[in-house]
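Everything on this sheet refers to the single structure shown next.
Nothing here was measured: the structure is a model prediction, and the numbers come from that model. Residues take their numbers from the sequence shown, with the count starting at 1. In listed order, ligands and their atoms are each counted from 1.
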Amino acid sequence: MASAHLVAVTFALLATAISAHNITDILDGFPEYSLFNSYLSQTKLADEINSRQTLTVLALDNAAMSALAGKKPLSVIKNELEIHVVLDYFDPQKLHQIPDGSTLSTTLYQTTGNAPGNIGFVNITVLQGGKVGFGPAAPGSKLDSTYTKSVKQIPYNISIIQISAPIVVPQIVNAPAPTASGSNITALLEKAGCKTFASLLISSGVIKTYESAIDKGLTVFAPNDEAFKAKGVPDLGKLTNAELVSLLQYHAVPSYTPIGSLKSSKDPISTLATNGAAKYDFTVKTAGDSVTLDTGVGSSRVASTIIDSTPFAIFAVDNVLLPTELFGNSPSSAPAPEPVSAPSPAPVASAPGPAVEASSPLAASPPAPPMDTPEGSPAGAPAAKSENSTSDNAAVHVKAPAMLAVLLLTVSATVISSLFLS
Ligand SMILES: *[C@@H]1O[C@H](CO)[C@@H](O)[C@H](O)[C@H]1NC(C)=O
Ligand SMILES: *[C@@H]1O[C@H](CO)[C@@H](O)[C@H](O)[C@H]1NC(C)=O
Ligand SMILES: *[C@@H]1O[C@H](CO)[C@@H](O)[C@H](O)[C@H]1NC(C)=O
Ligand SMILES: *[C@@H]1O[C@H](CO)[C@@H](O)[C@H](O)[C@H]1NC(C)=O
Ligand SMILES: *[C@@H]1O[C@H](CO)[C@@H](O)[C@H](O)[C@H]1NC(C)=O
């Protein structure tokens with residue numbers, strides 16, 4: 001009994017340590033909020049809510065949610081919904097016992113950096129007759145929305161309550177929506193101090209890839225100008241065109257992945273450079289509010305948001321992201337392409353050949369597929385690390401056929417001896 005209890009407690013602790021709550025999962029049990037739930041997922045606000053503790057979600061039923069959504073772009077709906085996530089814990093009891101009967105409470109919208117003054121706050125006021133009203137923080141605003149009922153509480157982490165109508169903040173509803181397709185990526189980057197990155201995107205043509213990906217969802221991690229001057233950054237002038245293209249594609253993810261989604265991601269994240277065996281992915285590490293991207297070669301802090309307009313976001317990062325496929329010595333990626341590219345007996349005879357030849361065809365033909373770059377780049381690249389990976393690759397080339405030969409010998413010896421024995 002006691003040990004069973006201990007196990008249960010341990011599991012409970014583990015579960016809360018991994019994620020305190022899952023808003024999507026909680027609301028799944030309530031069909032009357034299915035539209036609200038769906039918009040939380042579409043805007044990725046669900047990830048943001050799950051990555052935070054101490055909040056109150058002001059849920060809207062399907063009728064109120066469809067009134068809020070109308071035909072608005074998703075980026076505006078996201079901003080409006082952010083007003084409905086209060087960064088404090090209000091269960092029904094606390095709501096009715098607000099000191100002095102009225103308070104202004106911070107919402108997620110206030111954390112976006114887009115909120116001038118206090119437009120990212122909501123006014124919560126106990127009205128005559130005991131009702132609780134909600135409205136914008138601007139003085140004199142009407143409190144048109146009222147507390148309807150409790151949906152779910154996990155004290156003191158998340159409280160979900162229903163309110164009767166959307167909280168309408170005129171400045172948010174009427175703000176011109178920065179439409180993703182109308183965004184000038186290079187202008188945004190230049191203004192944010194990422195001129196070098198912008199000019200590389202233009203000179204390489206990768207800007208076109210970015211632009212054509214925007215509408216389906218795109219998240220760019222833009223190194224600032226300092227990052228390109230930092231010590232230890234490989235000489236990008238020594239990369240082939242194909243390698244530079246892969247490097248720049250590596251700085252973007254083909255989906256809308258705001259900070260909250262980065263924080264809640266556990267698996268490696270693929271990029272525009274990802275192509276079959278060439279993984280070109282990275283992992284995310286979170287410590288409090290700080291988010292770090294780890295490429296396997298190095299890591300970089302996500303320093304600031306340049307634009308976050310569903311389904312498109314650009315974040316500034318402190319360092320150039322160096323993929324292992326180009327700059328590293330990744331044990332998993334190095335041997336992988338070999339069995340794929342050639343039938344098994346071939347490497348025995350030709351193994352030393354391709355390793356030596358690899359660099360020249362790649363340099364001669366810039367549009368070579370990214371698949372080839374892990375092989376070709378180490379030989380051509382100047383960094384010490386790369387030389388190391390070449391020798392490692394060479395070791396793999398030599399070792400694998402040798403082991404194959406031993407295996408073949410063993411198998412044939414066994415077959416032969418068994419033939420003779422029978
Ligand atoms: C949250 O719950 C939904 C629905 O049950 C599930 O699809 C999703 O993977 C969960 N998210 C996390 C981070 O566990
Ligand atoms: C909340 O709004 C009401 C009505 O506009 C107003 O009387 C009250 O002072 C506001 N509360 C706060 C804390 O600003
Ligand atoms: C609430 O969050 C805290 C961390 O802030 C965590 O320790 C606690 O277990 C959570 N409570 C529940 C019931 O999930
Ligand atoms: C985008 O901005 C850049 C730099 O400000 C400018 O040179 C370019 O003409 C703009 N492109 C479009 C399509 O407006
Ligand atoms: C290769 O790596 C080893 C250990 O990681 C290191 O000691 C050695 O100096 C490296 N060699 C080169 C050429 O970088």
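Within a 4.0 Å radius of atom 14 (O) of ligand 2, the protein contributes one or more non-hydrogen atoms.
Remark: K208 does not engage E211 in a salt bridge, criterion side-chain N to carboxylate O under 4.0 Å.
In terms of protein heavy-atom proximity, atom 8 (C) of ligand 4 is nearest to N184 ND2, 3.8 Å. Atom 4 (C) of ligand 4 has E190 OE1, 3.4 Å as its closest protein atom, hydrogens excluded (heavy atom only). Atom 9 (O) of ligand 2 has as its closest protein heavy atom S102 OG, 4.6 Å.
Aromatic ring centres of Y147 and H96: separated by under 6.0 Å.
In this structure, CD1 in I306 is found 9.5 Å from CZ in F315, a value given to the nearest 0.5 Å. In this structure, NZ on K78 lies 9.0 Å from NZ on K44, to the nearest 0.5 angstrom.
The backbone N or O of T24 sits less than 3.5 Å from a side-chain atom of N37, completing a donor-acceptor pair. When atom types are taken as modelled, the side chain of S246 and the backbone of A242 share a donor-acceptor pair closer than 3.5 angstrom.
Of the candidates L104, N123, L127, N123 brings a heavy atom nearest to atom 3 (C) of ligand 2.
Interface atoms of ligand 2 facing T125, defined by a heavy-atom separation under 4.0 Å, are 1 (C). Listed by number with element, the atoms of ligand 4 under 4.0 Å from a non-hydrogen atom of T186 are 1 (C), 2 (O), 3 (C). For ligand 2, the atoms sitting less than 4.0 Å from at least one non-hydrogen atom of G140 are 5 (O), numbered in the order shown with element in parentheses.
Between S264 and N50 there is no side-chain heavy-atom pair separated by less than 4.5 Å.
By the criterion of a heavy-atom distance under 4.0 Å, the backbone of S141, and not its side chain, is placed next to ligand 2. Contacts of D28 with ligand 1, taken as heavy-atom pairs under 4.0 Å, involve the side chain alone.
On a distance-only criterion, D25 and ligand 1 share at least one N/O pair closer than 3.5 Å. Considering backbone and side-chain atoms together, N22 places an N or O closer than 3.5 Å to an N or O of ligand 1.
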Side chains of residues 116-129: which donor-acceptor partners sit under 3.5 Å, not counting sequence neighbours?
| from | atom 1 | to | atom 2 | distance (Å) |
| --- | --- | --- | --- | --- |
| N123 | OD1 | T125 | OG1 | 2.5 |
| T125 | OG1 | S102 | OG | 2.8 |

